[in-house]
Amino acid sequence: MTLHDPTWYDDQYNNRARIPEHPAILRQWSEGSARALTSHPPQEHRYGDGEAETIDVYAARSPGAPILVYLHGGYWRALGKRD
(Lines give C-alpha, C1' and ligand atoms only; values in the text may rest on other atoms or scores of the structure.)
Protein backbone atom coordinates (compact mmCIF):
# COMPACT_ATOMS: atom_id res chain seq x y z
CA MET A 1 0.00 0.00 0.00
CA THR A 2 1.31 3.43 -0.92
CA LEU A 3 0.88 6.14 1.67
CA HIS A 4 0.46 9.74 0.61
CA ASP A 5 0.60 12.97 2.53
CA PRO A 6 -2.68 14.43 3.87
CA THR A 7 -2.87 17.01 1.06
CA TRP A 8 -3.02 14.25 -1.54
CA TYR A 9 -5.96 12.63 0.27
CA ASP A 10 -7.72 15.99 0.66
CA ASP A 11 -7.40 16.54 -3.09
CA GLN A 12 -8.82 13.10 -3.87
CA TYR A 13 -11.91 13.67 -1.72
CA ASN A 14 -12.56 17.27 -2.72
CA ASN A 15 -15.38 16.56 -5.16
CA ARG A 16 -16.26 20.23 -5.53
CA ALA A 17 -12.81 20.93 -6.96
CA ARG A 18 -12.85 17.78 -9.09
CA ILE A 19 -16.28 18.47 -10.63
CA PRO A 20 -16.44 22.09 -11.79
CA GLU A 21 -20.12 21.83 -12.77
CA HIS A 22 -21.10 20.83 -9.22
CA PRO A 23 -23.20 23.99 -8.55
CA ALA A 24 -25.59 23.07 -11.36
CA ILE A 25 -25.76 19.45 -10.18
CA LEU A 26 -26.48 20.47 -6.58
CA ARG A 27 -29.14 22.93 -7.75
CA GLN A 28 -30.81 20.19 -9.83
CA TRP A 29 -30.83 17.82 -6.83
CA SER A 30 -32.27 20.50 -4.56
CA GLU A 31 -35.04 21.43 -7.00
CA GLY A 32 -35.94 17.78 -7.58
CA SER A 33 -36.04 17.10 -3.86
CA ALA A 34 -38.28 20.12 -3.25
CA ARG A 35 -40.73 18.91 -5.90
CA ALA A 36 -40.77 15.39 -4.44
CA LEU A 37 -41.28 16.64 -0.88
CA THR A 38 -44.15 18.86 -1.96
CA SER A 39 -45.98 16.02 -3.68
CA HIS A 40 -45.11 13.31 -1.16
CA PRO A 41 -44.10 14.69 2.26
CA PRO A 42 -42.59 12.29 4.81
CA GLN A 43 -43.80 11.47 8.29
CA GLU A 44 -41.03 12.15 10.79
CA HIS A 45 -40.59 9.64 13.61
CA ARG A 46 -38.30 10.03 16.63
CA TYR A 47 -36.08 7.20 17.78
CA GLY A 48 -34.18 9.18 20.42
CA ASP A 49 -34.08 12.36 22.43
CA GLY A 50 -31.60 14.26 20.24
CA GLU A 51 -32.72 16.76 17.62
CA ALA A 52 -31.15 14.71 14.82
CA GLU A 53 -32.52 11.39 16.06
CA THR A 54 -35.35 11.13 13.58
CA ILE A 55 -36.21 8.98 10.63
CA ASP A 56 -38.36 10.02 7.68
CA VAL A 57 -41.00 7.56 6.53
CA TYR A 58 -42.51 7.95 3.09
CA ALA A 59 -45.70 5.91 3.06
CA ALA A 60 -46.42 3.82 -0.01
CA ARG A 61 -49.15 5.12 -2.25
CA SER A 62 -50.59 1.67 -2.86
CA PRO A 63 -51.25 -1.15 -0.38
CA GLY A 64 -48.78 -4.02 -0.43
CA ALA A 65 -46.12 -2.01 -2.22
CA PRO A 66 -42.52 -3.11 -1.61
CA ILE A 67 -40.46 -1.23 0.95
CA LEU A 68 -37.18 0.54 0.36
CA VAL A 69 -34.87 1.43 3.24
CA TYR A 70 -32.10 3.91 2.47
CA LEU A 71 -29.42 4.61 5.03
CA HIS A 72 -27.03 7.42 4.25
CA GLY A 73 -23.62 6.17 5.27
CA GLY A 74 -21.60 9.32 5.55
CA TYR A 75 -19.63 11.95 3.69
CA TRP A 76 -22.30 14.44 4.68
CA ARG A 77 -20.15 17.54 4.77
CA ALA A 78 -22.64 19.71 2.98
CA LEU A 79 -26.34 19.83 2.27
CA GLY A 80 -28.84 17.89 4.33
CA LYS A 81 -31.20 14.95 4.15
CA ARG A 82 -33.75 16.98 2.22
CA ASP A 83 -31.27 17.62 -0.60
Side-chain angles (χ1 to χ4, degrees):
M1 179 170 102
T2 303
L3 295 178
H4 299 279
D5 65 62
T7 303
W8 183 88
Y9 289 104
D10 287 342
D11 290 344
Q12 298 307 307
Y13 286 94
N14 186 349
N15 286 329
R16 289 178 186 232
R18 294 175 74 81
I19 303 171
E21 66 276 12
H22 75 272
I25 294 169
L26 294 177
R27 187 170 38 260
Q28 181 181 6
W29 289 352
S30 180
E31 291 168 356
S33 292
R35 284 191 305 274
L37 289 167
T38 298
S39 67
H40 197 74
Q43 300 166 347
E44 187 174 270
H45 296 273
R46 294 207 158 276
Y47 61 86
D49 296 329
E51 183 178 326
E53 295 178 35
T54 62
I55 186 170
D56 294 338
V57 176
Y58 296 84
R61 292 186 175 164
S62 54
I67 186 170
L68 168 70
V69 177
Y70 176 78
L71 301 174
H72 188 282
Y75 198 74
W76 214 322
R77 293 184 176 185
L79 308 176
K81 67 180 181 178
R82 298 284 191 245
D83 296 311

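Below, all heavy atoms of this structure are taken into account, side chains as well, without hydrogens, waters or symmetry copies.
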Worksheet item: Between Asp11 and Arg18, what is the shortest heavy-atom contact and its length?
Response: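 Taking Asp11 first and Arg18 second, the nearest heavy atoms are O-CD, 3.5 Å.
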Worksheet entry | Member of His45, Gln43, Glu44 meeting the side chain to side chain contact (heavy atoms under 4.5 Å, CB included) criterion with Ile55 |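 Checked His45, Gln43, Glu44 against Ile55; only one passes side chain to side chain contact (heavy atoms under 4.5 Å, CB included): His45.
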Practice prompt. Kindly check if the number of other-residue, nucleotide or ligand heavy atoms within 6.0 Å of CD (Glu53) is above 12?
Written response: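 Counting other residues, nucleotides and ligands, CD of Glu53 exceeds 12 neighbours.
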Worksheet entry | Shared-cluster residues of Val57, by chain and number - hydrophobic side chains joined below 4.5 Å |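 Besides Val57, the cluster holds no residue at all.
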Side chains of residues 20-27: which donor-acceptor pairs under 3.5 Å do they make with residues two or more places apart or in other chains?
from	atom 1	to	atom 2	distance (Å)
His22	ND1	Arg16	O	3.2
His22	ND1	Ile19	O	3.0

Practice prompt. Could you tell me how the ring of His40 sits relative to the ring of Tyr58: parallel (under 30°), tilted (30 to 60°) or perpendicular (over 60°)?
Written response: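 Plane angle under 30°, so parallel.
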Worksheet item: Rounded to the nearest 0.5 Å, what separation is found between the NE2 atom of His4 and the OG1 atom of Thr7?
Response: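 His4 NE2 to Thr7 OG1: 12.0 Å, rounded to 0.5 Å.
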